[in-house]
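Here is the structure we will look at.
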Amino acid sequence: MFFDRKHYSDELLLKLYKALLTPRLIEEKMLILLRQGRVSKWFSGIGQEAVAVGSTMALAEDEYVLPLHRNLGVFTVRNCPLAKLFAQFQGKPGGFTKGRDRSFHFGTHEHHIVGMISHLGPQLAVADGIALADVLSKNKKVTLVYSGDGGSSEGDFHEALNVAAVWDLPVIFLVENNGYGLSTPSREQFRFRSFINKGIGYGMDAVQVDGNNVLDVYDTISQLARSMRLHPRPVLVEALTFRMRGHEEASGVKYVPQELFDEWTKKDPVANYEQFLLKEEILSPVVIKEIKAGIKQEIERGLEEAFSQEPPQVNTRQELADMYAPFEQIIQESAHNKTTEKRFVDAISDALRQSMEKYPNLVLMGQDIAEYGGVFKITEGFADTFGKARVRNTPLCESAIVGAGLGLSVMGFKAMVEMQFADFVTCGFNQIINNLAKSHYRWGQNADVVIRMPTGASTGAGPFHSQSNEAWFFHTPGLKIVYPSNPYDAKGLLNAAIEDPNPYLYFEHKFLYRSISDDVPDDYYTVPVGKAAVVTKGDDITIITYGLAVHWALEILKQLPEVSAEVIDLRTLLPWDKETVAASVKKTGKVLIAHEDCLTGGIGAEIAAWISENYFAYLDAPIMREGGLDTAVPFAPALEQNFLPRYRMEEKIKQLAAF
Ligand SMILES: Cc1ncc(C[n+]2csc(CCOP(=O)(O)OP(=O)(O)O)c2C)c(N)n1
């Protein structure tokens, strides 16, 4: 193996050696502990150390790195305390996640590292968000993110690279090509010859390095980073390397031909570099021994400390609380009494505009939201007022944009992502459920992202532009969900959602956009989150509902003056207002829960279960539910009306009142 030392000092070459040796020695120790049953799982990076070490060493200490499961070297180069790292591997409270997540699944701001989630690809877009924050803040920094060759088959890889290219984001996408994705060889993953061919497709530079040559990696990344700091743009780097052990220790390596091991053993990154330094007389056998002894001693000390820690103490209240970033809402009243009649759609627009004024760190992202103003024209004129840096047209890639939102959060920004239609959130689902929702619980990183969801039927738009999908998210701890039914709440809840540093889904019913209007304060104000509204007071029955169905309930009740109904508009679905519901159930003893969403597994099912479990004694009738049919939302008006619960609600209300 040829090492070109260029102008690099002996001191630096030695520093690289120690940095390379540390993860190797930790791993060798881990393999022993694994055999002794003292650690439970290990994803080995033996043979690949030069990639993580060379690339991380090439960056400034305050530039973010987003490593994967084999990149122990990132953590050691960034001087993460070994005891804390080992405590993390053992699920101890002194680790980086209080025992809540395993291995390298954590981030640490102190060390400018954002760790992976198991899904491999999502962090690529998080890197985009971090780099975007740097560009917006005019920081001359690069962000480094890793992908495996296997993980590059994920859509997230494509989306993240494409966004970075279009937005000129200074991200180094470093593909560690070790020839296998678990047991599947590259030829069964993709057909291109080399990752550098992909650069052309994305319109970005791409270079290849010998991933087992720490100097090659260090030099290439250093040069790229220098140039990217001055001229922000993404670069794809392919590091050729090899995984000398199984995917994880229990899975074995039977599927790897012996010749490959023989070939790559000769290319061992540590042994070869050591030989080079010996030849250059930068190292001597005595010094090697000393260095190794020193590192081993540090490892033993760290292990001792980690092993001496007790497992986490269980505290359910804390577990539940930590799903969310701490936030106490202070309700903001509008400063003046002046109101103007506003349609639902205008109220949303108003909130966004005022929040953009209030938070200079708020960034809006979505398809066609800039000059075009969004398909519903909610951001019309925003690009002129706030500039295209903060009002960003995105490529068609929901996953990358939601992920970028998390990256912005990592850097202290706020993000609003507009789904063009709520239906398309399926393409960003993983980022919401697994990244936004869980990151605070896992390592204390909040996701300050509001996702706007133009939702619902009644517009003759068929199965893919009409769905109600709030229940998908209702089941995900870590998210908050609001769903206004009128212009006043639409404005106040959107402001409130943007204010809160936690991730929100903000549902806005498309049918309401231009069909209702109301006097809405001109000034900024917020509406309490988690608080339902009692829309009409009544004694006979309680109707619990939200969104467009609130209006259906009121229309129906107008035709039934003999029924005294209390209509509760939930407004917030997660967390929903148990107190208001309970008070009304106690009063009327008869409950109908109605929503546009399909009945089975809908939010009504949860509320019904909760009422019957806690307030059974107050009930004078079975809890009733009404919802959309358990079908897709059909296109033809007659079919769509039949799908919707509007007319079935009427029957249910009569039935319940008469019970
Ligand atoms: C979305 C997803 N599908 C499957 C897996 C299971 N899995 C974990 S690692 C892995 C292979 C990854 O290969 P590669 O990206 O080349 O990285 P390497 O392990 O070789 O470093 C697979 C299939 C996963 N973690 N996430």
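Along the sequence shown, residues are numbered consecutively beginning with 1. The model shown is predicted, which means the values in this text are computed figures rather than measured ones. Both counts, for ligands and for their atoms, begin at 1 and track the order of listing.
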**OP:** Find out whether F195 and D149 are in side-chain contact, i.e. whether some heavy atom of one side chain is under 4.5 Å from a heavy atom of the other.
**Re:** yes
Original post:
Taking NZ, NE, NH1 and NH2 as the nitrogens, is one of them in E63 or K141 under 4.0 Å from a carboxylate oxygen of the other?
Top reply: no
Original post:
Heavy atom under 4.0 Å from ligand 1: found in F43's side chain, backbone, both, or neither?
Top reply: neither
**OP:** Check if H119 has a non-hydrogen atom at a distance under 4.0 Å from any atom of ligand 1.
**Re:** yes
Original post:
What atoms in ligand 1 come closer than 4.0 Å to a heavy atom of G181?
Top reply: 11 (C), 13 (O), 16 (O)
Original post:
Above 12 or not: heavy atoms from other molecules or residues under 6.0 Å from CD of Q258?
Top reply: yes
Original post:
Which bit of D149 gets closer than 4.0 Å to ligand 1, counting heavy atoms only: side chain, backbone, both or neither?
Top reply: both
**OP:** Tell me, yes or no, whether the heavy-atom count around K18 atom NZ, taken from other residues, nucleotides or ligands under 6.0 Å, exceeds 12.
**Re:** no
**OP:** Mark yes or no for whether S147, through its side chain, and V175, through its backbone, hold a donor-acceptor pair below 3.5 Å.
**Re:** no
Original post:
Ring centroid separation for F464 and F421, is it under 6.0 angstrom?
Top reply: no
Subject >> Distance from atom 11 (C) of ligand 1 to nearest protein heavy atom, with residue and atom >> reply: L182 N, 3.3 Å
Subject >> Nearest-contact summary for atom 3 (N) of ligand 1 - protein heavy atom, Å >> reply: E154 OE2, 5.0 Å
Original post:
Just which atoms of ligand 1 are under 4.0 Å from any heavy atom in G150?
Top reply: 13 (O), 14 (P), 15 (O), 16 (O)
Subject >> Which of the ligand 1 atoms, numbered from 1, are nearer than 4.0 Å to a heavy atom of G148 >> reply: 14 (P), 15 (O), 16 (O), 17 (O)
Subject >> Results of ring-ring contact (aromatic ring centres under 6.0 Å, His included) for W443 - residues two or more places apart only >> reply: H109
**OP:** Keeping the roles fixed (side chain from R70, backbone from H247), state whether a donor-acceptor pair exists under 3.5 Å.
**Re:** yes
**OP:** For atom 1 (C) of ligand 1, state whether the nearest protein heavy atom is under 4.0 Å away.
**Re:** yes
**OP:** Answer yes if a protein heavy atom lies under 4.0 Å from atom 24 (C) of ligand 1, otherwise answer no.
**Re:** yes
Original post:
Could any protein non-hydrogen atom be found less than 4.0 Å from atom 15 (O) of ligand 1?
Top reply: yes
**OP:** For atom 5 (C) of ligand 1, grab the closest protein heavy atom and report residue, atom and distance to one decimal in Å.
**Re:** L120 CD1, 4.5 Å
**OP:** Check whether any N or O atom of N178, backbone or side chain, sits under 3.5 Å from an N or O atom of ligand 1, and answer yes or no.
**Re:** yes
Subject >> Within-cut-off N or O pair, S118 and ligand 1, under 3.5 Å >> reply: yes
Original post:
Backbone N or O of G121 within a donor-acceptor pair of the E154 side chain at under 3.5 Å?
Top reply: yes
Original post:
With a cut-off of 4.0 Å, which atoms of ligand 1 are near a heavy atom of G151?
Top reply: 14 (P), 15 (O)
**OP:** Give a yes/no on ligand 1: does Q48 have at least one heavy atom closer than 4.0 angstrom to it?
**Re:** no
Original post:
Within the distance-only criterion (no hydrogens, no angle test), does the side chain of Y273 pair as donor or acceptor with the backbone N or O of L13 below 3.5 angstrom?
Top reply: yes
**OP:** Kindly identify the option in R70, E176, H247, R243 whose heavy atom sits closest to atom 9 (S) of ligand 1.
**Re:** H247
Subject >> Qualifying salt bridge (charged side-chain N to carboxylate O under 4.0 Å, His left out) pairs with a residue from residues 100-125, counting only residues at least two apart or across chains >> reply: R100-E319, R100-D322, D101-R442
